[in-house]
Amino acid sequence: MDWSSVLLYVSPPVLGGIIGYFTNDIAIKMLFRPYRAIYIAGKRVPFTPGLIPANQERLAKNISDTIMGSLLTPDELQKLARRLLETERVQGAILWLLQLAIDQIKTDKNQKTSKVVASILRDLLGESLPRLLKVLARQEDFLEPQINQIFDQILLELQLSDEQATRLADWFLEVVLPPDVLRQAIIDFLTDRTIQTIDESFREKTSGTYWVVANLFGLRNTLTRLRTFCLDEKEATNERLQELIKDLQMRDRFKKILQNLSLQNLPIGTVRQLRKTTRETVRQYIQTSGSDLLQGLTESVNWENIAKLLLNRLSNSPVVMTSLEVVSQELALILERYLEKDLEQIVTQIIPILSIDQVIVDRVKSTSPADLENAIEGIVKNELQAIVTLGGILGFIVGLLQTGFLFFTR
């Protein structure tokens, strides 16, 4: 057998394998390449661009329809949402958000949070609370238990100490009833009509020795001279009154009266009536003037400083930090109960809002053919290479069959 015969029998399987291998390889490459259309003499060359770049928009729509129709169905999205929104995960997320909010308050250099809290406090205590109190004060039993408790525990048991009684007695004698005020009170009291009334009454209603004195001497001249003395001799009158206050020990008398002053010494009926009157007075005051009082206090209060102090206290309070976990757990349970009832409706409303199908279409359309080729090859690289190899094997087998046919025909 010469070399021509050997070449005749060997060349068909070799050439068939080479052709089958490279034909499949070229066919696979033509799925992606060329990436753009090629024009010669103004005419587009057939099979340019590749199959996938030429139909990338339709491919994107088909991928979107397949995913949304078979994979991301509403039922599957509900199952996914339930797995994502398990109580433990939601609790952890809420706890993280609360801790993040606390940390943000601590590092808030622009004091935005304190300004917001100050505005809330100003509106709540300056606007909302006065209107609410004015409405509630119309009720007959408004603050009845609270006022009764204050009255019974504070006012009813209130009694001045020795030092308090002493200072109050001094204030009373020095500010309320000093000698000059007493002198002026005497002058205002001893008018001509008052002197005449006292003199006539003393003459008519006295008897015995007092009757003799009243009818022989009378009180008119004495009281008139007293009034004249108080008018003309101011300093002397004040000195005499001061001496009289001292001689009569008015300071000690007032002190003793104040120390013995207590609501417990009053009759029970009087105390009950006083408690009722106190409650009605407070209710009427809140109803008529309480809103103005609160609004006035609101205008004079620096709410930003109060808000800063409140936030600093809350952010550094160990009670707040330890209660964050409890709060997050309770909020997670509330959210779980809500989701159990309305999750299907929520998912149905979310799907059109998210527009997942359009996102998939836009993402596939915006991906370059080279990146799309790399992505597909990264997923099915071994499978594509197996197809190329299979083409070579099939070409080789066809070549062998041709060689066998030649061998048996000769």
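Residue numbers start at 1 and run along the sequence shown.
- In this structure, D247 has no salt bridge (Lys or Arg N to Asp or Glu O under 4.0 Å) partners at least two apart in sequence or on a different chain.
- For the pair T288 and Q284, the tightest heavy-atom approach, listed with the atom from each and the gap, is OG1-O, 2.8 Å.
- Pairing each heavy atom of T277 with each of T281, the nearest pair is O-OG1, 2.7 Å.
- In this structure, the separation between OG1 on T166 and CD on Q164 is 10.0 Å, given to the nearest 0.5 Å.
- For E174, there are no side chain to side chain donor-acceptor pair (under 3.5 Å) partners at least two apart in sequence or on another chain.
- At distances below 3.5 Å, at least one donor-acceptor pair connects side-chain atoms of R183 with backbone N or O atoms of C230.
- Take T194 and apply the side chain to side chain donor-acceptor pair (under 3.5 Å) test, not counting sequence neighbours, and it matches T191.
- Ionic pairing of E280 and R283 is present here: one or more N-O contacts between side-chain nitrogen and carboxylate oxygen are shorter than 4.0 angstrom.
- Note that CG of L190 and OG1 of T222 are 11.0 Å apart. Values are rounded to the nearest 0.5 Å.
- For the atom pair CG (L182) and CG (L173), the distance works out to 8.5 Å, reported to the nearest 0.5 Å.
- Among pairs with a residue in residues 254-263, those fulfilling salt bridge (Lys or Arg N to Asp or Glu O under 4.0 Å) read D162-K255, at least two apart in sequence or across chains.
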For this session: Verify side chain to side chain donor-acceptor pair (under 3.5 Å) between N238 and Q242, making sure each step is shown before the conclusion.
Result: CA-CA 6 Å; N238 291 339; Q242 185 66 37; over 6 Å; no

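- The CD1 atom of I186 sits 11.0 Å away from the CG atom of L223 when rounded to the nearest 0.5 Å.
- Partners of R167 according to the salt bridge (Lys or Arg N to Asp or Glu O under 4.0 Å) rule, which considers only residues two or more places apart in sequence or in another chain, are E163.
- Side chains of Q196 and D192: no donor on one and acceptor on the other come within 3.5 Å.
- Listed by first and then second residue, the ring-ring contact (aromatic ring centres under 6.0 Å, His included) pairs involving residues 157-177 are F172-F254 (not counting sequence neighbours).
- A distance-only check finds a donor-acceptor pair linking the side chain of T237 to the backbone of E233 [under 3.5 Å].
- Residues I245 and R251 are not in side-chain contact: their nearest non-hydrogen atoms beyond the backbone lie 4.5 Å or more apart.
- A 6.0 Å sphere centred on CG of L248 holds more than 12 heavy atoms belonging to other residues, nucleotides or ligands.
- Interatomic distance, D180 CG to L241 CG, rounded to the nearest 0.5 Å: 9.5 Å.
- How far CZ of F229 is from OG1 of T224: 15.0 Å, rounded to the nearest 0.5 Å.
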